[in-house]
K.L.:
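Here it is, the structure in full.
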4 protein chains.
Amino acid sequence: MAKEDKRNNIILAAMTLIAEQGFYGTSMSMIAEKAGVGIGTIYRYFENRDTLIRALYKEKEERLVAFLLENYPHGRPVRECFLHIGAGVIDYFIRNPLDFNYSEQFHNSPYGVEHRRNRIFAAADKPDIFSDIYERGAAQQVIRDLPPTVFFNLAFAPIVWTLRDHLLGFIHLDAALSQKLVESCWDSVKI
Amino acid sequence: MAKEDKRNNIILAAMTLIAEQGFYGTSMSMIAEKAGVGIGTIYRYFENRDTLIRALYKEKEERLVAFLLENYPHGRPVRECFLHIGAGVIDYFIRNPLDFNYSEQFHNSPYGVEHRRNRIFAAADKPDIFSDIYERGAAQQVIRDLPPTVFFNLAFAPIVWTLRDHLLGFIHLDAALSQKLVESCWDSVKI
Amino acid sequence: MAKEDKRNNIILAAMTLIAEQGFYGTSMSMIAEKAGVGIGTIYRYFENRDTLIRALYKEKEERLVAFLLENYPHGRPVRECFLHIGAGVIDYFIRNPLDFNYSEQFHNSPYGVEHRRNRIFAAADKPDIFSDIYERGAAQQVIRDLPPTVFFNLAFAPIVWTLRDHLLGFIHLDAALSQKLVESCWDSVKI
Amino acid sequence: MAKEDKRNNIILAAMTLIAEQGFYGTSMSMIAEKAGVGIGTIYRYFENRDTLIRALYKEKEERLVAFLLENYPHGRPVRECFLHIGAGVIDYFIRNPLDFNYSEQFHNSPYGVEHRRNRIFAAADKPDIFSDIYERGAAQQVIRDLPPTVFFNLAFAPIVWTLRDHLLGFIHLDAALSQKLVESCWDSVKI
DNA sequence: GATGAATGAGCGTTCATTCAT
DNA sequence: CATGAATGAACGCTCATTCAT
């Protein structure tokens, strides 16, 4: 097994198990077994459990951000950008359910709190899509006067919860419903 | 100590500890000590840890429902009922932060999934406030044509997320902001 | 098995194993197995490994001091007191070889350094036999002008090393040799 | 890097690390890193950890013996030879504290027992300074009638213990005190 | 010969659960 | 009934040793 394969196996095993069993139901030895490597091997790639968990999240977040930035309608009206992001998040997570479940576990844990201020796609050194929308929206007075945090919650909380329901099989989130959902979110923040 | 007292002490101790120390930072022996009973005694009242945790949640849920039903404006317009519930949830959890904490921990654990269908205040054998709003709203065509699940998410997900941010100290959710928030939620579901 | 028996079994098992295999050759599970108890049981009696190791030493030290104080010739000439202690140490450790080996392991470990200033039988809150001899000897000018530490080493180091050789079977330390040895030590510190 | 260099680097790295971090705080990978070689390489020169540790000790011992033999007053009176050795040991270890540390660690470990019979400078195939003193002293009846082991202990145990106290900072062993100490040791074995 | 990635037995410790009292 | 001492599987992690390159 090549070195890169090994690392990927570990990441995949960890993601799958954590998504399925939760953070506290997933032990290092379970990850090792599922990845087909020795326990000690994990520690060659990740300093410790915490590091592994954070590295997994970072990797997933970066992929999501990259996906959202593809075809991002830079400079187009705020509403269009908002709908692009909302639809993109839904699209991405429906196609990457493991990422979604992992992300949920991550945000609902001590790791999540320390990460919360940055939100899903804010990174200190990169232009930040979310801020782009919020700030342009505020400047153009097309969105309500709300703290960014609350704006963020109105924009994404229903999407996240609905994705969860979709992935658990409680509802079917097809293209039509997806569009309705994102537009509803927009209606909650637009003036 | 009477039998019912013992049970209540155990529930109160468990609730407090889990809200403060987290789900996995709370051991059975900590609960026993705080409740002033022997470890073995807990197992007379609850089959095992899982059972205790679920019983705790059930109790929380019942209290919240009872609170929301106080002064519920039965028969008044759907919008008024919606705003009553939204404001009530915020009010309740700001005044009972341990309950919020416990509830969050519960929902983000393997216990959460099995409970999700019932949602915050849906209980099979009781008249259900949420259904009242959804069904009357749909019948009167004042709310959008969305599955109840999605309606629920639009209505409450931003509130829950914002409560979390408030309790973590990221924002201050005062009366004015609370009102804005609930009205925004309404705007996302109203026609 | 009675509670006190269990604690004693653990102590005896730990002492024996550490004396035989050394500190780092003795694991908690080895101790548990030899003591005939579960691993977790050790932690009911001792907070952790360090505590166990220090508690063992404390107990042994107290027994030695008690033994040396039996028949201690209080107020008799310094030389007589010195010979009493020297002979007593030899006597005690020949009859309690486990204690000797454990003590050796203890003093040659990080635990030992923190304990060194107090020396074998100095305890802050008790009248201290060693200081009695050193101070009276210095006041009466029957012992040489040496720092107490060096005095201590001259007095006891040869005894300890010779005990070790005896217990390892390299020599036979009988009453006659014991007397010669202690007198030689005295000759190295007397004026 | 030449083969002999590699071996020396490994020995030096191991020595330094063990003296500084302790016997059990030094891993093979730390040694490899400090020596600038691969982990596997160590196993080309030393069968395993035990072998390495014993080889280290052998080297230390040889250096000390070589130092003590420089200027050894062959043929001079026993007392003079004794004082020369005592002062030499102190001198050497004060100037090579890592060696002292390593030696102490070695003697207080399972390795120590198997090595004890040979003592600090007894080697089966070399003329042995210690035996020179003991045998001439006995023949000339200037030292007491004691087994060589006990003679050795009286002669060196106080010195070793006092060196330890000096290196730990408990006392300051200057030239004057060093002289007093060695003379005291002599007084314990002379007739 | 030299390397270091890979291994897994073993470490100290925890804690849900049992059961003799 | 109530208790809490006892248990041991399981945890995250380390590190001496091996072996394919």
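By convention in this document, chain letters (A, B, ...) are assigned in the order of the sequence lines, proteins followed by strands, and residues within each chain are numbered from 1.
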K.L.:
Please check the phosphate of F/dT14 (OP1 and OP2 only) for any side-chain N or O of D/Y24 closer than 4.0 Å.
P.N.:
no
K.L.:
Of all the heavy-atom pairs spanning B/Y102 and B/I18, show the shortest one and how long it is.
P.N.:
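Smallest interatomic distance, heavy atoms only, reads CD1-CG2, 3.4 Å.
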K.L.:
Is the count of non-hydrogen atoms from other residues, nucleotides or ligands lying under 6.0 Å from B/E20 atom CD greater than 12?
P.N.:
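Enclosed: over 12 neighbouring heavy atoms sit under 6.0 Å from CD of B/E20.
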K.L.:
Can you measure B/Q21 atom CD to E/dT14 atom P for me and round it to whole angstrom units?
P.N.:
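Between P of E/dT14 and CD of B/Q21: 15 Å.
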K.L.:
I need the CG-C1' distance between B/L52 and E/dC15, as an integer number of Å.
P.N.:
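To the nearest whole Å, that distance equals 15 Å.
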K.L.:
Could you check how far CG of B/D50 sits from P of E/dA16, rounded to whole Å?
P.N.:
11 Å
K.L.:
Can you list every pair that meets salt bridge (charged side-chain N to carboxylate O under 4.0 Å, His left out) and has a residue in residues 103-112 of chain D, with sequence neighbours left out?
P.N.:
D/E104-D/R164
K.L.:
Reckon D/F46 touches a base, only the sugar-phosphate, or nothing at all at heavy-atom distances under 4.0 Å?
P.N.:
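Nothing, no heavy atom under 4.0 Å.
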K.L.:
Which residue, B/I42 or A/E47, contacts DNA chain F at a nucleotide closer to its 5' end, judged by nearest heavy atom?
P.N.:
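Closer to the 5' end of DNA chain F: B/I42.
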K.L.:
In terms of side-chain heavy atoms, does B/Y111 have a donor or acceptor partner in B/D50 at a distance below 3.5 Å?
P.N.:
yes
K.L.:
Any salt bridge linking A/R7 with A/E59? Criterion: basic side-chain nitrogen under 4.0 Å from a carboxylate oxygen.
P.N.:
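Yes.
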K.L.:
Rounded to whole angstrom units, what separation is found between the CG atom of A/N9 and the C1' atom of E/dA6?
P.N.:
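The answer, rounded to whole Å, is 14 Å.
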K.L.:
Working to the nearest 0.5 Å, report the span between CG of D/L64 and CD of D/E62.
P.N.:
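If we round to the nearest 0.5 Å, D/L64:CG and D/E62:CD are 11.0 Å apart.
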K.L.:
Any idea how B/F100 and B/F93 line up, ring-wise: parallel (<30°), tilted (30 to 60°), or perpendicular (>60°)?
P.N.:
perpendicular
K.L.:
Between E/dT17, F/dA16, F/dC1, which nucleotide has the shortest distance from any of its atoms to the side chain of D/Y43?
P.N.:
F/dA16
K.L.:
Please state how far atom CG in B/N48 lies from atom P in E/dC15, giving the value in whole angstrom units.
P.N.:
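Those two atoms, CG and P, are 17 Å apart.
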K.L.:
Which protein N or O atoms sit under 3.5 Å from an N or O of nucleotides 8-11 of chain E?
P.N.:
residue : atom : partner : partner atom : Å
E/dG8   : N7   : A/G40   : N            : 3.2
E/dC11  : OP1  : C/S27   : OG           : 3.2

K.L.:
What's the shortest heavy-atom distance between C/I10 and C/I31, and which atoms?
P.N.:
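So the minimum-distance heavy-atom pair works out to O-CG2, 4.0 Å.
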K.L.:
Determine the stems involving DNA chain F; a stem requires 3 or more consecutive pairs of the Watson-Crick or G-U wobble kind, each with both distances below 3.5 Å, and the answer is none if no such run exists.
P.N.:
E:2-21 with F:2-21
K.L.:
May I have the distance from B/R44 (atom CZ) to F/dG4 (atom C1'), rounded to whole angstrom?
P.N.:
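In whole Å, F/dG4 C1' lies 14 Å from B/R44 CZ.
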K.L.:
Whole-Å distance between F/dA10 P and A/I31 CD1?
P.N.:
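Whole-Å distance recorded here is 16 Å.
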K.L.:
I need the CD1-C1' distance between D/I10 and E/dT3, as an integer number of Å.
P.N.:
12 Å
K.L.:
Of the non-hydrogen atoms in A/P97 and A/L167, which two are nearest, and what is the gap between them?
P.N.:
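Reported closest heavy-atom pair: CB-CD2, 3.8 Å.
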